[in-house]
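In what follows, every chain begins at residue 1, and chains take the letters A, B, ... in the order their sequences are listed.
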Protein chains: 2
Amino acid sequence: MTIMTMDSTNGAPQGGSRREATRQKLYEAAVTLIAEQGFSATTVDEIAERAGVAKGTVYYNFASKSVLFEELLRHGVGLLTASLRQAAERSEREGRGRVDALDAMVRAGLVFIDRYPAFTQLYVAELWRTNRAWQSTLLVVRQEAVAVVEGVLREGVATGEFSEEIDVPLTAAALVGMVLVAALDWKSFQPERSLDDVHAALSRLLQGRVSGCR
Amino acid sequence: MTIMTMDSTNGAPQGGSRREATRQKLYEAAVTLIAEQGFSATTVDEIAERAGVAKGTVYYNFASKSVLFEELLRHGVGLLTASLRQAAERSEREGRGRVDALDAMVRAGLVFIDRYPAFTQLYVAELWRTNRAWQSTLLVVRQEAVAVVEGVLREGVATGEFSEEIDVPLTAAALVGMVLVAALDWKSFQPERSLDDVHAALSRLLQGRVSGCR
DNA sequence: GTTTTTGCACTGACCAGTCAGTACAAATAG
DNA sequence: CTATTTGTACTGACTGGTCAGTGCAAAAAC
(Lines give C-alpha, C1' and ligand atoms only; values in the text may rest on other atoms or scores of the structure.)
Protein backbone atom coordinates (compact mmCIF):
# COMPACT_ATOMS: atom_id res chain seq x y z
CA MET A 1 0.00 0.00 0.00
CA THR A 2 1.54 3.27 -1.07
CA ILE A 3 1.07 5.71 1.70
CA MET A 4 2.11 8.96 0.23
CA THR A 5 4.11 10.34 -2.62
CA MET A 6 6.81 12.84 -1.97
CA ASP A 7 6.94 16.17 -3.66
CA SER A 8 9.25 18.30 -1.57
CA THR A 9 9.95 18.48 2.12
CA ASN A 10 12.41 21.29 1.82
CA GLY A 11 14.03 23.10 -1.04
CA ALA A 12 16.31 20.14 -1.73
CA PRO A 13 16.60 19.47 -5.44
CA GLN A 14 16.58 15.88 -6.56
CA GLY A 15 19.87 14.20 -7.17
CA GLY A 16 19.74 12.51 -3.78
CA SER A 17 16.72 10.63 -5.00
CA ARG A 18 17.83 7.37 -3.50
CA ARG A 19 17.53 8.94 -0.12
CA GLU A 20 13.99 9.99 -0.86
CA ALA A 21 13.10 6.43 -1.75
CA THR A 22 14.46 5.19 1.56
CA ARG A 23 12.57 7.83 3.47
CA GLN A 24 9.45 6.78 1.62
CA LYS A 25 9.88 3.17 2.63
CA LEU A 26 10.40 4.25 6.21
CA TYR A 27 7.25 6.39 6.22
CA GLU A 28 5.19 3.54 4.92
CA ALA A 29 6.56 1.09 7.42
CA ALA A 30 6.13 3.52 10.30
CA VAL A 31 2.62 4.63 9.47
CA THR A 32 1.10 1.16 9.55
CA LEU A 33 3.01 0.01 12.59
CA ILE A 34 2.21 3.15 14.59
CA ALA A 35 -1.42 3.02 13.54
CA GLU A 36 -1.69 -0.51 14.81
CA GLN A 37 0.29 -0.23 18.00
CA GLY A 38 0.72 3.41 18.82
CA PHE A 39 3.91 5.43 18.85
CA SER A 40 5.47 4.21 22.06
CA ALA A 41 4.74 0.57 21.46
CA THR A 42 6.39 0.63 18.05
CA THR A 43 10.13 0.04 18.05
CA VAL A 44 12.65 1.50 15.66
CA ASP A 45 13.93 -2.01 14.97
CA GLU A 46 10.45 -3.01 13.80
CA ILE A 47 10.18 -0.01 11.52
CA ALA A 48 13.58 -0.70 9.99
CA GLU A 49 12.79 -4.35 9.52
CA ARG A 50 9.45 -3.73 7.84
CA ALA A 51 11.02 -1.11 5.59
CA GLY A 52 13.77 -3.56 4.74
CA VAL A 53 16.62 -1.31 5.78
CA ALA A 54 19.25 -1.38 8.49
CA LYS A 55 18.59 0.37 11.75
CA GLY A 56 21.50 2.71 11.12
CA THR A 57 19.76 3.94 8.00
CA VAL A 58 16.83 5.17 10.05
CA TYR A 59 19.18 7.37 12.03
CA TYR A 60 21.05 8.42 8.94
CA ASN A 61 17.79 9.78 7.54
CA PHE A 62 16.01 11.04 10.64
CA ALA A 63 17.36 12.62 13.77
CA SER A 64 15.20 10.49 16.03
CA LYS A 65 12.13 8.31 16.24
CA SER A 66 9.88 11.25 17.05
CA VAL A 67 11.28 13.40 14.28
CA LEU A 68 10.44 10.62 11.84
CA PHE A 69 6.93 10.63 13.25
CA GLU A 70 6.51 14.38 13.09
CA GLU A 71 7.57 14.53 9.48
CA LEU A 72 5.15 11.74 8.74
CA LEU A 73 2.35 13.75 10.32
CA ARG A 74 3.17 16.93 8.53
CA HIS A 75 3.32 15.21 5.22
CA GLY A 76 0.10 13.27 5.62
CA VAL A 77 -1.97 16.23 6.69
CA GLY A 78 -0.48 18.21 3.84
CA LEU A 79 -1.92 15.69 1.45
CA LEU A 80 -5.32 15.81 3.13
CA THR A 81 -5.67 19.57 3.12
CA ALA A 82 -4.52 19.76 -0.49
CA SER A 83 -7.15 17.23 -1.41
CA LEU A 84 -9.91 19.05 0.50
CA ARG A 85 -8.99 22.40 -0.96
CA GLN A 86 -8.91 20.94 -4.44
CA ALA A 87 -12.37 19.42 -4.00
CA ALA A 88 -13.82 22.71 -2.80
CA GLU A 89 -12.19 24.65 -5.65
CA ARG A 90 -13.28 22.23 -8.30
CA SER A 91 -16.86 22.39 -7.09
CA GLU A 92 -16.68 26.17 -7.01
CA ARG A 93 -15.18 26.39 -10.50
CA GLU A 94 -18.08 24.37 -11.76
CA GLY A 95 -20.39 26.97 -10.32
CA ARG A 96 -22.21 24.69 -7.89
CA GLY A 97 -23.34 25.99 -4.52
CA ARG A 98 -21.64 25.70 -1.17
CA VAL A 99 -23.75 22.72 -0.21
CA ASP A 100 -22.21 20.86 -3.10
CA ALA A 101 -18.78 22.07 -2.12
CA LEU A 102 -19.29 20.66 1.36
CA ASP A 103 -20.49 17.43 -0.12
CA ALA A 104 -17.47 17.29 -2.42
CA MET A 105 -15.23 17.75 0.60
CA VAL A 106 -16.94 14.95 2.44
CA ARG A 107 -16.24 12.76 -0.53
CA ALA A 108 -12.64 13.92 -0.74
CA GLY A 109 -12.26 13.06 2.92
CA LEU A 110 -13.64 9.60 2.34
CA VAL A 111 -11.37 9.03 -0.65
CA PHE A 112 -8.39 10.06 1.42
CA ILE A 113 -9.30 7.76 4.27
CA ASP A 114 -9.97 4.98 1.83
CA ARG A 115 -6.49 5.36 0.43
CA TYR A 116 -4.61 6.03 3.65
CA PRO A 117 -6.56 4.33 6.42
CA ALA A 118 -3.52 3.81 8.60
CA PHE A 119 -2.60 7.45 8.53
CA THR A 120 -6.11 8.46 9.50
CA GLN A 121 -6.17 6.02 12.36
CA LEU A 122 -2.93 7.33 13.70
CA TYR A 123 -3.99 10.93 13.33
CA VAL A 124 -7.19 10.49 15.29
CA ALA A 125 -5.43 8.55 17.98
CA GLU A 126 -2.85 11.26 18.56
CA LEU A 127 -4.86 14.41 17.97
CA TRP A 128 -6.29 14.95 21.40
CA ARG A 129 -3.35 13.82 23.42
CA THR A 130 -1.75 16.46 25.53
CA ASN A 131 1.77 16.52 26.92
CA ARG A 132 3.41 15.08 23.86
CA ALA A 133 6.39 16.37 21.97
CA TRP A 134 4.61 16.75 18.66
CA GLN A 135 1.51 18.37 20.20
CA SER A 136 2.22 21.72 18.58
CA THR A 137 2.88 20.21 15.17
CA LEU A 138 -0.41 18.41 15.41
CA LEU A 139 -2.30 21.51 16.44
CA VAL A 140 -1.09 23.57 13.54
CA VAL A 141 -1.76 20.79 11.15
CA ARG A 142 -5.28 20.24 12.47
CA GLN A 143 -6.08 23.91 12.18
CA GLU A 144 -5.06 23.88 8.54
CA ALA A 145 -7.45 21.08 7.71
CA VAL A 146 -10.41 22.44 9.68
CA ALA A 147 -9.80 25.89 8.24
CA VAL A 148 -10.60 24.65 4.76
CA VAL A 149 -14.03 23.51 5.93
CA GLU A 150 -14.55 26.70 7.90
CA GLY A 151 -13.78 28.69 4.78
CA VAL A 152 -16.55 27.04 2.81
CA LEU A 153 -19.00 27.43 5.68
CA ARG A 154 -18.23 31.11 6.02
CA GLU A 155 -18.66 31.70 2.31
CA GLY A 156 -21.96 29.85 2.44
CA VAL A 157 -23.17 32.04 5.29
CA ALA A 158 -22.09 35.15 3.37
CA THR A 159 -24.02 34.14 0.27
CA GLY A 160 -27.03 33.17 2.32
CA GLU A 161 -26.76 29.51 1.42
CA PHE A 162 -26.27 28.54 5.05
CA SER A 163 -28.16 29.77 8.05
CA GLU A 164 -26.57 32.72 9.81
CA GLU A 165 -27.05 31.12 13.16
CA ILE A 166 -24.52 28.37 12.56
CA ASP A 167 -21.41 28.31 14.66
CA VAL A 168 -18.69 28.07 12.05
CA PRO A 169 -15.73 26.64 14.01
CA LEU A 170 -17.81 24.17 15.94
CA THR A 171 -19.80 23.02 12.95
CA ALA A 172 -16.61 22.57 10.95
CA ALA A 173 -15.13 20.45 13.71
CA ALA A 174 -18.30 18.41 13.99
CA LEU A 175 -18.36 17.79 10.24
CA VAL A 176 -14.75 16.71 10.17
CA GLY A 177 -15.46 14.44 13.13
CA MET A 178 -18.49 12.97 11.49
CA VAL A 179 -16.58 12.01 8.37
CA LEU A 180 -13.53 10.81 10.27
CA VAL A 181 -15.41 8.58 12.65
CA ALA A 182 -17.88 7.27 10.11
CA ALA A 183 -15.05 6.39 7.76
CA LEU A 184 -12.98 4.68 10.41
CA ASP A 185 -16.01 2.68 11.41
CA TRP A 186 -16.61 1.78 7.81
CA LYS A 187 -13.02 0.55 7.39
CA SER A 188 -12.89 -1.29 10.69
CA PHE A 189 -16.33 -2.75 11.04
CA GLN A 190 -17.98 -2.98 7.63
CA PRO A 191 -15.20 -2.83 5.05
CA GLU A 192 -17.28 -4.54 2.39
CA ARG A 193 -19.33 -1.41 1.73
CA SER A 194 -18.56 0.83 -1.18
CA LEU A 195 -17.36 4.39 -0.92
CA ASP A 196 -20.46 5.63 -2.75
CA ASP A 197 -22.65 3.90 -0.28
CA VAL A 198 -20.95 5.54 2.69
CA HIS A 199 -20.91 8.87 0.92
CA ALA A 200 -24.62 8.70 0.24
CA ALA A 201 -25.39 8.01 3.90
CA LEU A 202 -23.31 10.94 5.04
CA SER A 203 -24.80 13.25 2.41
CA ARG A 204 -28.23 12.45 3.68
CA LEU A 205 -27.21 13.22 7.23
CA LEU A 206 -25.53 16.43 6.13
CA GLN A 207 -28.55 17.68 4.26
CA GLY A 208 -30.91 16.98 7.08
CA ARG A 209 -32.85 14.38 5.18
CA VAL A 210 -32.73 12.09 8.19
CA SER A 211 -35.08 13.79 10.56
CA GLY A 212 -37.51 14.83 7.91
CA CYS A 213 -36.86 18.58 7.78
CA ARG A 214 -39.30 21.00 9.17
CA MET B 1 -12.51 14.62 39.64
CA THR B 2 -14.52 11.56 40.55
CA ILE B 3 -14.35 9.15 37.71
CA MET B 4 -16.69 6.39 38.67
CA THR B 5 -18.40 4.87 41.64
CA MET B 6 -18.09 1.21 42.31
CA ASP B 7 -21.00 -1.08 42.94
CA SER B 8 -19.69 -4.64 42.91
CA THR B 9 -16.93 -6.35 41.02
CA ASN B 10 -17.51 -9.78 42.46
CA GLY B 11 -19.65 -11.26 45.18
CA ALA B 12 -17.31 -9.96 47.83
CA PRO B 13 -19.24 -8.50 50.76
CA GLN B 14 -18.11 -5.19 52.03
CA GLY B 15 -15.61 -5.09 54.85
CA GLY B 16 -12.81 -4.85 52.29
CA SER B 17 -14.02 -1.37 51.45
CA ARG B 18 -10.53 -0.02 51.77
CA ARG B 19 -9.60 -1.98 48.70
CA GLU B 20 -12.37 -0.38 46.69
CA ALA B 21 -11.14 3.05 47.61
CA THR B 22 -7.66 2.15 46.45
CA ARG B 23 -8.93 0.80 43.15
CA GLN B 24 -10.83 4.00 42.71
CA LYS B 25 -7.75 6.08 43.21
CA LEU B 26 -5.89 3.92 40.72
CA TYR B 27 -8.63 4.30 38.12
CA GLU B 28 -8.58 8.03 38.44
CA ALA B 29 -4.83 8.25 38.22
CA ALA B 30 -4.67 5.88 35.27
CA VAL B 31 -7.43 7.50 33.24
CA THR B 32 -5.85 10.93 33.12
CA LEU B 33 -2.33 9.68 32.57
CA ILE B 34 -3.31 7.31 29.78
CA ALA B 35 -5.48 9.95 28.16
CA GLU B 36 -2.55 12.32 28.12
CA GLN B 37 0.20 9.97 27.08
CA GLY B 38 -1.32 6.79 25.76
CA PHE B 39 -1.23 3.33 27.29
CA SER B 40 2.30 2.32 26.40
CA ALA B 41 3.87 5.61 27.32
CA THR B 42 2.31 5.54 30.77
CA THR B 43 4.30 3.67 33.38
CA VAL B 44 2.91 1.76 36.29
CA ASP B 45 5.19 3.76 38.55
CA GLU B 46 3.56 6.96 37.38
CA ILE B 47 0.10 5.60 38.00
CA ALA B 48 1.05 4.45 41.47
CA GLU B 49 2.67 7.75 42.29
CA ARG B 50 -0.28 9.84 41.17
CA ALA B 51 -2.65 7.59 43.07
CA GLY B 52 -0.45 7.94 46.13
CA VAL B 53 0.15 4.22 46.63
CA ALA B 54 3.14 1.94 46.22
CA LYS B 55 3.73 0.12 42.99
CA GLY B 56 3.12 -3.22 44.65
CA THR B 57 -0.39 -2.10 45.50
CA VAL B 58 -1.21 -1.80 41.82
CA TYR B 59 -0.31 -5.45 41.38
CA TYR B 60 -2.09 -6.41 44.54
CA ASN B 61 -5.28 -4.98 43.05
CA PHE B 62 -4.89 -5.78 39.36
CA ALA B 63 -3.28 -8.70 37.61
CA SER B 64 -1.39 -6.47 35.19
CA LYS B 65 -1.20 -3.04 33.66
CA SER B 66 -3.49 -4.02 30.81
CA VAL B 67 -6.05 -5.65 33.10
CA LEU B 68 -6.24 -2.39 35.02
CA PHE B 69 -6.83 -0.65 31.72
CA GLU B 70 -9.47 -3.07 30.52
CA GLU B 71 -11.45 -2.78 33.72
CA LEU B 72 -11.25 0.97 33.41
CA LEU B 73 -12.65 0.78 29.89
CA ARG B 74 -15.48 -1.53 30.78
CA HIS B 75 -16.54 0.60 33.66
CA GLY B 76 -16.41 3.87 31.77
CA VAL B 77 -18.39 2.71 28.79
CA GLY B 78 -20.91 1.15 31.15
CA LEU B 79 -21.53 4.60 32.56
CA LEU B 80 -21.89 6.12 29.11
CA THR B 81 -24.39 3.59 27.77
CA ALA B 82 -26.44 3.80 30.94
CA SER B 83 -26.59 7.54 30.56
CA LEU B 84 -27.56 7.37 26.87
CA ARG B 85 -30.24 4.78 27.51
CA GLN B 86 -31.63 6.81 30.35
CA ALA B 87 -31.82 9.92 28.20
CA ALA B 88 -33.65 8.07 25.43
CA GLU B 89 -36.08 6.48 27.88
CA ARG B 90 -36.83 9.70 29.68
CA SER B 91 -37.57 11.44 26.41
CA GLU B 92 -39.78 8.55 25.35
CA ARG B 93 -41.66 8.48 28.67
CA GLU B 94 -42.45 12.12 28.17
CA GLY B 95 -44.05 11.23 24.86
CA ARG B 96 -41.72 13.28 22.71
CA GLY B 97 -40.72 12.07 19.26
CA ARG B 98 -37.60 10.24 18.19
CA VAL B 99 -35.99 13.45 17.00
CA ASP B 100 -36.14 14.69 20.56
CA ALA B 101 -34.84 11.39 21.82
CA LEU B 102 -31.84 11.72 19.53
CA ASP B 103 -31.35 15.26 20.69
CA ALA B 104 -31.55 14.16 24.30
CA MET B 105 -28.88 11.55 23.62
CA VAL B 106 -26.62 14.11 22.03
CA ARG B 107 -26.97 16.15 25.18
CA ALA B 108 -26.35 13.15 27.40
CA GLY B 109 -23.20 12.45 25.39
CA LEU B 110 -22.02 16.01 25.89
CA VAL B 111 -22.73 15.89 29.60
CA PHE B 112 -20.76 12.69 29.89
CA ILE B 113 -17.80 14.09 28.00
CA ASP B 114 -17.98 17.26 30.02
CA ARG B 115 -17.72 15.23 33.18
CA TYR B 116 -15.19 12.63 32.05
CA PRO B 117 -13.12 14.26 29.32
CA ALA B 118 -10.07 12.14 29.99
CA PHE B 119 -11.99 8.93 29.61
CA THR B 120 -13.44 10.05 26.30
CA GLN B 121 -10.06 11.06 25.01
CA LEU B 122 -8.62 7.71 25.88
CA TYR B 123 -11.52 5.83 24.38
CA VAL B 124 -11.29 7.57 21.02
CA ALA B 125 -7.54 7.16 20.89
CA GLU B 126 -7.67 3.42 21.48
CA LEU B 127 -10.85 2.46 19.65
CA TRP B 128 -9.49 1.95 16.16
CA ARG B 129 -6.20 0.41 17.07
CA THR B 130 -5.78 -3.13 15.94
CA ASN B 131 -3.44 -5.76 17.30
CA ARG B 132 -3.97 -4.87 20.88
CA ALA B 133 -4.80 -7.11 23.79
CA TRP B 134 -8.00 -5.32 24.77
CA GLN B 135 -9.25 -5.04 21.17
CA SER B 136 -12.14 -7.42 21.81
CA THR B 137 -13.17 -5.71 25.02
CA LEU B 138 -13.24 -2.44 23.18
CA LEU B 139 -15.29 -3.83 20.32
CA VAL B 140 -17.99 -5.22 22.54
CA VAL B 141 -18.13 -2.07 24.54
CA ARG B 142 -18.36 0.12 21.44
CA GLN B 143 -21.17 -1.97 20.03
CA GLU B 144 -23.15 -1.52 23.23
CA ALA B 145 -22.96 2.24 23.00
CA VAL B 146 -23.70 2.51 19.29
CA ALA B 147 -26.57 0.02 19.67
CA VAL B 148 -28.46 2.45 21.86
CA VAL B 149 -28.39 5.05 19.10
CA GLU B 150 -29.25 2.47 16.47
CA GLY B 151 -32.27 1.45 18.53
CA VAL B 152 -33.70 4.94 18.51
CA LEU B 153 -33.01 5.34 14.78
CA ARG B 154 -34.74 2.07 13.99
CA GLU B 155 -37.77 3.01 16.04
CA GLY B 156 -37.89 6.34 14.29
CA VAL B 157 -37.85 4.67 10.90
CA ALA B 158 -40.60 2.29 12.01
CA THR B 159 -42.86 5.11 13.13
CA GLY B 160 -42.09 7.10 10.02
CA GLU B 161 -40.34 9.87 11.87
CA PHE B 162 -37.11 9.18 10.00
CA SER B 163 -36.63 8.57 6.32
CA GLU B 164 -36.61 4.93 5.33
CA GLU B 165 -33.57 5.41 3.20
CA ILE B 166 -31.23 6.04 6.11
CA ASP B 167 -28.51 3.55 6.80
CA VAL B 168 -29.01 2.79 10.47
CA PRO B 169 -25.60 1.43 11.53
CA LEU B 170 -23.63 3.95 9.56
CA THR B 171 -25.74 6.90 10.59
CA ALA B 172 -25.49 5.83 14.21
CA ALA B 173 -21.72 5.66 13.96
CA ALA B 174 -21.57 9.03 12.22
CA LEU B 175 -23.73 10.63 14.92
CA VAL B 176 -21.62 9.21 17.71
CA GLY B 177 -18.54 10.43 15.88
CA MET B 178 -19.96 13.85 15.40
CA VAL B 179 -20.70 14.29 19.08
CA LEU B 180 -17.43 12.74 20.19
CA VAL B 181 -15.22 14.83 17.96
CA ALA B 182 -17.13 18.04 18.41
CA ALA B 183 -17.00 17.62 22.16
CA LEU B 184 -13.30 16.81 22.25
CA ASP B 185 -12.66 19.85 20.13
CA TRP B 186 -14.76 21.91 22.45
CA LYS B 187 -12.81 20.72 25.49
CA SER B 188 -9.39 21.01 23.86
CA PHE B 189 -9.66 24.10 21.74
CA GLN B 190 -12.48 26.29 23.03
CA PRO B 191 -13.18 25.21 26.62
CA GLU B 192 -14.76 28.53 27.56
CA ARG B 193 -17.96 27.75 25.70
CA SER B 194 -20.98 26.48 27.55
CA LEU B 195 -22.52 23.07 27.14
CA ASP B 196 -25.79 24.61 25.97
CA ASP B 197 -23.97 26.49 23.29
CA VAL B 198 -22.31 23.38 21.92
CA HIS B 199 -25.53 21.45 22.21
CA ALA B 200 -27.40 24.06 20.22
CA ALA B 201 -24.84 23.98 17.42
CA LEU B 202 -25.03 20.21 17.17
CA SER B 203 -28.82 20.23 17.30
CA ARG B 204 -28.90 22.54 14.36
CA LEU B 205 -26.58 20.32 12.39
CA LEU B 206 -28.60 17.27 13.35
CA GLN B 207 -31.86 18.77 12.22
CA GLY B 208 -30.52 19.92 8.90
CA ARG B 209 -30.98 23.54 9.68
CA VAL B 210 -27.52 24.24 8.35
CA SER B 211 -27.93 23.72 4.67
CA GLY B 212 -31.37 25.17 4.52
CA CYS B 213 -33.45 22.02 3.87
CA ARG B 214 -34.93 21.24 0.51
C1' DG C 1 35.69 10.23 -4.33
C1' DT C 2 31.47 11.29 -2.20
C1' DT C 3 27.07 9.91 -0.52
C1' DT C 4 24.33 6.47 1.25
C1' DT C 5 23.57 2.15 3.16
C1' DT C 6 24.80 -2.02 5.75
C1' DG C 7 25.63 -5.01 9.64
C1' DC C 8 26.44 -5.51 14.15
C1' DA C 9 28.08 -5.02 18.64
C1' DC C 10 27.35 -2.08 22.52
C1' DT C 11 25.49 1.09 26.17
C1' DG C 12 22.64 3.03 29.51
C1' DA C 13 18.18 4.27 30.80
C1' DC C 14 13.91 2.71 31.73
C1' DC C 15 10.18 -0.32 33.10
C1' DA C 16 6.76 -4.40 33.99
C1' DG C 17 6.37 -7.45 37.21
C1' DT C 18 8.11 -9.95 41.72
C1' DC C 19 8.79 -10.87 46.45
C1' DA C 20 10.10 -10.72 51.23
C1' DG C 21 8.57 -8.13 54.63
C1' DT C 22 5.54 -4.48 57.39
C1' DA C 23 1.19 -2.75 59.57
C1' DC C 24 -2.73 -3.60 61.72
C1' DA C 25 -7.25 -5.18 62.88
C1' DA C 26 -10.06 -8.89 64.16
C1' DA C 27 -10.52 -13.48 65.69
C1' DT C 28 -9.09 -17.18 68.92
C1' DA C 29 -6.85 -19.09 72.89
C1' DG C 30 -5.29 -19.28 77.47
C1' DC D 1 -7.42 -9.10 80.19
C1' DT D 2 -3.19 -10.61 77.66
C1' DA D 3 -0.94 -13.39 74.16
C1' DT D 4 -0.98 -15.54 69.76
C1' DT D 5 -2.58 -16.36 65.28
C1' DT D 6 -4.70 -15.26 60.93
C1' DG D 7 -6.00 -12.54 56.97
C1' DT D 8 -5.93 -8.43 54.37
C1' DA D 9 -3.84 -4.45 52.38
C1' DC D 10 0.09 -2.41 51.29
C1' DT D 11 5.29 -1.37 50.62
C1' DG D 12 9.55 -0.55 47.99
C1' DA D 13 13.93 -2.53 46.68
C1' DC D 14 15.21 -5.54 43.18
C1' DT D 15 15.47 -8.23 38.65
C1' DG D 16 15.46 -9.47 33.98
C1' DG D 17 14.46 -7.81 29.87
C1' DT D 18 13.67 -4.23 26.34
C1' DC D 19 14.78 -0.49 23.50
C1' DA D 20 16.43 4.25 21.67
C1' DG D 21 20.33 5.68 20.14
C1' DT D 22 25.71 5.19 19.06
C1' DG D 23 30.06 3.97 16.66
C1' DC D 24 32.36 2.26 13.10
C1' DA D 25 34.43 -0.27 9.29
C1' DA D 26 33.32 -2.04 5.05
C1' DA D 27 30.39 -2.37 1.01
C1' DA D 28 27.39 -0.34 -2.58
C1' DA D 29 25.67 3.18 -5.33
C1' DC D 30 26.21 7.07 -8.07
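- Listed pair A/Thr22 / C/dT5 meets the phosphate criterion, a side-chain N or O lying under 4.0 Å from OP1 or OP2.
- The interatomic distance linking A/Leu68 (CG) with D/dG21 (P) rounds to 10 Å, in whole Å.
- With sequence neighbours left out, A/Lys65 forms a salt bridge (charged side-chain N to carboxylate O under 4.0 Å, His left out) with no residue at all.
- What separates CD of B/Glu46 from P of C/dA16 is a distance of 9 Å, to the nearest Å.
- In this structure, B/Glu46 has no salt bridge (charged side-chain N to carboxylate O under 4.0 Å, His left out) partners at least two apart in sequence or on a different chain.
- Contacts of B/Glu192 classified as side-chain hydrogen bond (donor to acceptor under 3.5 Å, both in side chains), with partners at least two apart in sequence or in another chain: none.
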Intermediate values then yes/no, side chain to side chain contact (heavy atoms under 4.5 Å, CB included), B/Arg93 and B/Arg90: CA-CA 5 Å; B/Arg93 218 176 316 107; B/Arg90 192 185 322 119; 4.2 Å; yes
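- Taking A/Arg85 as the reference, nothing meets the side-chain hydrogen bond (donor to acceptor under 3.5 Å, both in side chains) condition, with sequence neighbours excluded.
- Non-hydrogen atoms lying under 4.0 Å from DNA chain D are contributed by B/Val53, B/Ala54, B/Gly56, B/Thr57, B/Tyr60, B/Asn61, all within residues 51-67 of chain B.
- Evaluation of the side-chain contact (heavy atoms from CB on, under 4.5 Å) rule for B/Val140 yields B/Glu144 as partners, not counting sequence neighbours.
- The CZ-P distance, from A/Arg19 to C/dT5, rounds to 7 Å in whole Å.
- Annotation: salt bridge (charged side-chain N to carboxylate O under 4.0 Å, His left out) contacts of A/Asp103 (sequence neighbours excluded): none.
- Residues passing the side-chain contact (heavy atoms from CB on, under 4.5 Å) test with A/Leu138, sequence neighbours excluded: A/Leu73, A/Tyr123, A/Glu126, A/Leu127, A/Trp134, A/Val141.
- Atom C1' of nucleotide D/dC19 and atom CD1 of A/Ile47 are separated by 12 Å, given to the nearest angstrom.
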Would you give me the side-chain donor-acceptor pairs under 3.5 Å for residues 107-114 of chain B, sequence neighbours excluded?
from	atom 1	to	atom 2	distance (Å)
B/Arg107	NE	B/His199	ND1	3.0
B/Arg107	NH2	B/Asp196	OD1	2.1
B/Asp114	OD1	B/Lys187	NZ	2.5

Please evaluate residues A/Tyr27 and A/Phe62 with respect to the criterion ring-ring contact (aromatic ring centres under 6.0 Å, His included), reporting the C-alpha separation (whole Å), side-chain torsions for both, the decisive distance (0.1 Å), and the verdict. CA-CA 11 Å; A/Tyr27 280 147; A/Phe62 298 96; 5.7 Å; yes
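- Distance B/Glu20 CD to D/dC10 C1': 16 Å, rounded to the nearest Å.
- Counting to the nearest Å, the C1' atom of C/dT5 and the CZ atom of A/Arg23 are 14 Å from each other.
- By the side-chain hydrogen bond (donor to acceptor under 3.5 Å, both in side chains) test, A/Gln190 is found to be paired with A/Arg193, residues two or more places apart in sequence or in another chain being considered.
- Looking at residues 33-43 of chain A, you'll see that no heavy atom sits under 4.0 Å from any atom of DNA chain C.
- In this structure, the helix from C/dG1-D/dC30 to C/dG30-D/dC1 shows an angle of 10° between the axis at its start and the axis at its end, each fitted on 5 base pairs and rounded to 10°.
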